[in-house]
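Computed from a prediction, not measured in an experiment: that's the story for all the values here. By convention here, the first residue in the shown sequence is residue 1.
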Amino acid sequence: MVPPTNSSTTNDMITEEPTSPHQIPRLTRRLTGFLPQEIKAIDATIPLKSRSLWQKHQVKKFENADQFEGRFIDHVETTLARSLYNCDDLAAYEATSMAVRDNLTIDWNKTQQKFTTRDPKRIYYLSLEFLMGRALDNALINMDISDKNETDVNGASGKPTKKKEGAATNTKEMVAESLDELGFRLEDVIEQEPDAALGNGGLGRLAACFIDSMATENIPAWGYGLRYEYGIFAQKIIDGYQVETPDYWLNLGNAWEIERNEVQFPVTFYGYVDRSEKNTSTLAPSQWIGGERVLACAYDFPVPGYKTSNVNNLRLWKAKPTTEFDFAKFNSGDYQNSVEAQQRAESITACLYPNDNFEQGKELRLKQQYFWCSASLHDIIRRYKKTKRPWREFPDQVAIQLNDTHPTLAVVELQRILVDLEKLDWHDAWDIVTKTFAYTNHTVMQEALEKWPVGLFGHLLPRHLEIIYDINWFFLQDVAKKFPKDVDLLSRISIIEEGGQERQIRMAFLAVVGSHKVNGVAELHSELIKTTIFGDFVKFFGPSKFTNVTNGITPRRWLKSANPALDKLISETLQDPEGNYLLDMPALTKLSALADDKEFQKKWYKVKKDNKIRLADLIKKLNGGVDIIDREHIDDTLFDMQVKRIHEYKRQQLNIFGVIYRYLAMKTMIANGASLKEVEEKFPRKVSFFGGKSAPGYYMAKLIIKLINSVGDVINNDVEIGNLLKVVFIPEYNVSKAEIIIPASDLSEHISTAGTEASGTSNMKFAMNGGLIIGTVDGANVEITREIGEDNIFLFGNLSENVEELRYNHQYQETPIPEDLDKVLKHIEEGNFSPENPNEFQPIVDTIKAHGDYYLCSDDFDSYIATQELVDQVFHTQRDEWTKKSILSVANCGFFSSDRCIQEYSETIWNVEPVKK
């Protein structure tokens, strides 16, 4: 749409003609997403000659190598304006991506028209992160290259499109062969693609898996997120410290996105609320007169399903100014301020999670969240209003899932739209809102639950603050009626948190009140939220409002794409050359019968060894061409991984304490005269891998990164222990690196303090790739243990029910630190890993010795070390038994497919059905 020329700053989507100077013209309607009756009407206005020409030259998908090669060369010479003589790997990547995207776009159009024609209930998934990874490889695996006798739903011909004879069915192999004939290697071409910097950790990767599974399951779904210019940041490790730099992932453009210049929505901030003199109630339609306006511009990212022509959409929003350039300021010599509006607008979608350690950062975060929620809601409503259905049917046609608390403002924004713009009664509108939204909680930690200061919130979003107060008022009235004598309950359950320096809005509470269903993401987590953070809400609403959907991962990305050798072995073993098991993961249980088969074990471990060599190659590349890993003994070296967001509750510090303990014990043996061979018998070869980013403002997490790197510097350069122990921190951990790291794992660490990790999904990825787990009884480790068997996982540590008592003991009683951990802490305090600044790591030591050891490292340390010794024993002396455990881990991980998750959400929360041909 063309940005409105009216100078008013009221917020958009006006349904009637403007009647006051504060209103703006209604949005321009474009001929998109036709309804069947609209198609006939529009068809009748198009001349017969034009229709015939259009049908004659209608773009078709490539279905074989020859057609792909023609499309590839066409893009090289026309889209990229290159030629045979200057087409390098980057140009080959861009041309391949555009050719593949052409196919996806054709299927995308058919999918969207199919949804419009059938008019099913749709699910809209709101997530601030979508950690998609590389798109090309995923598309080549998922993409359906034939029309499979589909009927053209656009009504152009009415005849089915026949599949051509000899059409290829394995797109990836076909494209690889074609690229080889054109002079390129597919592996080199794929390497040219940067990871889309649209997320950081498990939250974003979960959203990416879900949107893949929704497409695969033919669920009518859209994802909504933000198009970050620089991601969260690019992590560099300089002198052992994390240094944040911009992630210039869009520098060379993005071949996968479709810029929708015609889809723009104005979004308003600041200002004041205006009402007529006759009605001053906050429940009546009000007019929000904003002080600042930006435009939300849409970028679409097609998401193909596996073995289906269904292509869903991920819509990302970019912030642009309504006026990019102030000519008056420029002409007066004020050059810097002439682009001030542009800079202010574009900062909204510049980075994921702006540092909120200061007031401006907090405001930018809130601005970012409202911008995204407002644009997404208006887009959803625009689509719904085309159906001409009454508002009472909105929840029957629209389900909106809140992935964590970040999109909770959508609850308030929908209420504002219905009351202020659509003129619905306040209570009727609220009934629609609560039937539309569902909320996924991802944490049980109070400190991680999002809160906003009332002053900041009211300054930025004055009308929304009024609505929140009204929501809270009616909610507390209902609570008081049900529990008339429980005054404390009203304070505990209120959306507005009183006390402290300033009142706070508790966004998780708002999400619970504004949703019809609340789910946790693992069985233990779902039980904990009902007894801890949301216990009072269970008391009021009853337990039926709360449910569990255990997280999952897409096996297409995390098995077929990440571990093609294992995928091939599984397909051959299951006699499934088409890879249908990836749609029916319980089929993997057939592998259990071969767990003791020596020949199969040899094939299995060869896959693992090749993957470990592939990881060694990556480490060598990252280390300037110098090998850290001893390749000669790679068979006998345990690869131990902990790669995830750096946080104290995930306890990377416990892991590195264990590494230091091992190192000190080895040094003690050598000092007492033991030979290197004797040391190896006690402490076999091992490489400890770490990876992950800390939030820019999280001091302790960044100090843990520095400690890991400092310990690595000492151990990796200690000639006395040779190659028996190495420590590697992998910088800029992302999806593409994970696809190399995870298949190479012998052991992975999921060692969070019991009761703090909601679920975790990296544990599922490692299990699906045959890596055994050492972990606490926390998050999805519980269900993984149940599925794969207690004998195939290494559990340790205290249980969640003991955590509060242990914390109490640390706080109010003298609790001794285990002797071995005390030696580790003293070694750190003495400056052995920071000789230039001996006190550098004192804050980490103090969290345990002086500040109550909140994450219980001291309580779990001895159990952790004993379990690591058991790991050494099985891996190094019972290799057949280890391989058997690895096979059984993969054979029994089918439950953790994200396809199963989406089926559960669809049936128990969203009430949506697949839309098939």
| said: Within the structure provided, determine whether Ile468 and Ile496 are in side-chain contact (heavy-atom separation under 4.5 Å). | reply: yes
| note | On a heavy-atom basis, the closest approach of Lys530 and Ser526 is CG-O, 3.4 Å
| message | If you count heavy atoms of other groups shown closer than 6.0 angstrom to CZ of Arg389, is the number above 12? | response | yes
| query | Distance-only, no hydrogens or angles: does the His525 side chain make a donor-acceptor pair with backbone N or O of Val521 under 3.5 Å? | reply | yes
| request: Quick one: pull up OH in Tyr272 and OG in Ser286 and give me the separation to the nearest 0.5 Å. | output: 13.0 Å
| query | So, does Asn312 use its side chain to make a donor-acceptor pair with the main chain of Ile219 at under 3.5 Å? | reply | yes
| message | The criterion is salt bridge (Lys or Arg N to Asp or Glu O under 4.0 Å); which residues satisfy it with Asp404, sequence neighbours excluded? | response | none
| request: Would you verify whether the NZ or CZ of Arg807 falls within 45 degrees of the ring axis of Tyr854 while also being under 6.0 Å from that six-membered ring's centre? | output: yes
| said: Can you confirm whether or not the ring centre of Tyr384 sits under 6.0 Å from the ring centre of Trp391? | reply: yes
| field | Gly499 backbone acceptor or donor facing Gln504 side chain under 3.5 Å | value | no
| message | The criterion is salt bridge (Lys or Arg N to Asp or Glu O under 4.0 Å); which residues satisfy it with Glu904, sequence neighbours excluded? | response | Arg900
| field | Residue pairs fulfilling side chain to side chain donor-acceptor pair (under 3.5 Å) with at least one residue in residues 477-490, sequence neighbours excluded | value | Asp486-Lys539
| request: Sequence neighbours left out, what passes ring pair (Phe, Tyr, Trp, His ring centres under 6.0 Å) with His406? Give chain and number order. | output: Tyr353
| said: When you measure from the side chain of Ser376 to the backbone of Cys373, do you find a donor-acceptor pair of N or O atoms at a distance under 3.5 Å? | reply: no
| request: First locate atom OG of Ser374, then atom CD of Gln369, and finally report the distance between them rounded to the nearest 0.5 Å. | output: 13.5 Å
| task | Please test Tyr270 against His459 for ring pair (Phe, Tyr, Trp, His ring centres under 6.0 Å), starting from the C-alpha separation and ending with a verdict. | result | CA-CA 6 Å; Tyr270 309 111; His459 174 60; 5.1 Å; yes
| Can you name the nearest heavy-atom pair linking Val303 to Ala215, along with the distance? | O-CB, 3.5 Å
| said: Strictly distance-based, threshold 3.5 Å: is any side-chain N or O of Trp430 a donor or acceptor partner for the main-chain N or O of Gly514? | reply: no
| Phe269 six-ring centre to Lys367 NZ/CZ under 6.0 Å and within 45° of normal | yes
| said: Just checking Glu913: does its CD atom have more than 12 heavy atoms from other residues, nucleotides or ligands closer to it than 6.0 angstrom? | reply: no
| Side-chain heavy atoms of Val263 within contact of Cys297, under 4.5 Å | no
| Does Phe509 have any ring pair (Phe, Tyr, Trp, His ring centres under 6.0 Å) partners at least two apart in sequence or in another chain, and if so, which? | Phe537
| said: Tell me if a side-chain donor or acceptor on Thr908 pairs with a main-chain N or O of Ser906 at a distance below 3.5 Å. | reply: no
| query | Are Phe210 and Tyr905 close enough that their ring centers fall under 6.0 Å? | reply | yes
| query | Can you pull the salt bridge (charged side-chain N to carboxylate O under 4.0 Å, His left out) pairs that have at least one residue in residues 495-509, sequence neighbours excluded? | reply | Lys451-Glu497, Glu497-Arg506
| said: Does the Lys NZ or Arg CZ of Arg315 fall within the cation-pi geometry relative to Tyr224 - under 6.0 Å from the ring centre and within 45° of the axis? | reply: no
| Under the ring pair (Phe, Tyr, Trp, His ring centres under 6.0 Å) test, which residues partner Tyr808, sequence neighbours left out? | Tyr812
| Is it true that a side-chain atom of Asn551 and a backbone atom of Thr761 form a donor plus acceptor pair closer than 3.5 Å? | no
| remark: In this structure, CZ of Arg365 is separated from CD of Glu450 (nearest 0.5 Å) by 7.5 Å
| task | Would you sort out whether Thr550 and Asn548 count as a side chain to side chain donor-acceptor pair (under 3.5 Å), showing the intermediate values? | result | CA-CA 6 Å; Thr550 299; Asn548 173 64; 3.2 Å; yes
| message | Taking Glu523's backbone N and O only, do any of them form a donor-acceptor pair with Glu783's side chain (distance below 3.5 Å, no angle check)? | response | yes
| field | Counterpart residues, salt bridge (Lys or Arg N to Asp or Glu O under 4.0 Å), relative to Lys545 (two or more places apart) | value | none
| request: Could you list the residues that satisfy ring pair (Phe, Tyr, Trp, His ring centres under 6.0 Å) with Tyr855, not counting sequence neighbours? | output: none
| Any idea how Trp222 and Tyr124 line up, ring-wise: parallel (<30°), tilted (30 to 60°), or perpendicular (>60°)? | perpendicular
| task | Keeping to residues at least two apart or across chains, list the salt bridge (charged side-chain N to carboxylate O under 4.0 Å, His left out) pairs with something in residues 453-473. | result | Arg275-Glu466, Asp420-Arg463, Arg463-Glu466
| query | Arg344 and Glu292: salt bridge (Lys or Arg N to Asp or Glu O under 4.0 Å), yes or no, with the steps? | reply | CA-CA 10 Å; Arg344 193 164 57 246; Glu292 180 181 303; 3.1 Å; yes
| message | Quick one, Thr349 with Trp317, criterion side chain to side chain donor-acceptor pair (under 3.5 Å). Give me CA distance, side-chain angles, the key distance, then yes/no. | response | CA-CA 8 Å; Thr349 49; Trp317 300 105; over 6 Å; no
| field | Ring centres under 6.0 angstrom apart (Phe457, His464) | value | no
| task | Give a yes or no answer on whether the side chain of Asn519 reaches the backbone of Thr547 with a donor-acceptor pair at less than 3.5 Å. | result | no
| query | Of Arg392, Lys385, Arg416, which meets salt bridge (Lys or Arg N to Asp or Glu O under 4.0 Å) against Glu422? | reply | Lys385
| request: Sequence neighbours left out, what passes salt bridge (Lys or Arg N to Asp or Glu O under 4.0 Å) with Arg645? Give chain and number order. | output: none
| task | Kindly write out the residues that satisfy side-chain contact (heavy atoms from CB on, under 4.5 Å) with Pro543, not counting sequence neighbours, or none if the list is empty. | result | Val538
| request: Specify the closest pair of heavy atoms between Pro266 and Arg293, including all atoms of both residues, with the distance to one decimal. | output: CB-NE, 3.4 Å
| task | Return yes if some donor-acceptor pair links the side-chain N/O of Tyr698 with the main-chain N/O of Glu648 below 3.5 Å, else return no. | result | yes
| message | What verdict does the salt bridge (Lys or Arg N to Asp or Glu O under 4.0 Å) test give for Lys650 and Glu757, after you've listed the backbone C-alpha separation in whole Å, the side-chain angles of each residue and the deciding distance to 0.1 Å? | response | CA-CA 8 Å; Lys650 293 180 184 288; Glu757 184 72 84; 2.9 Å; yes
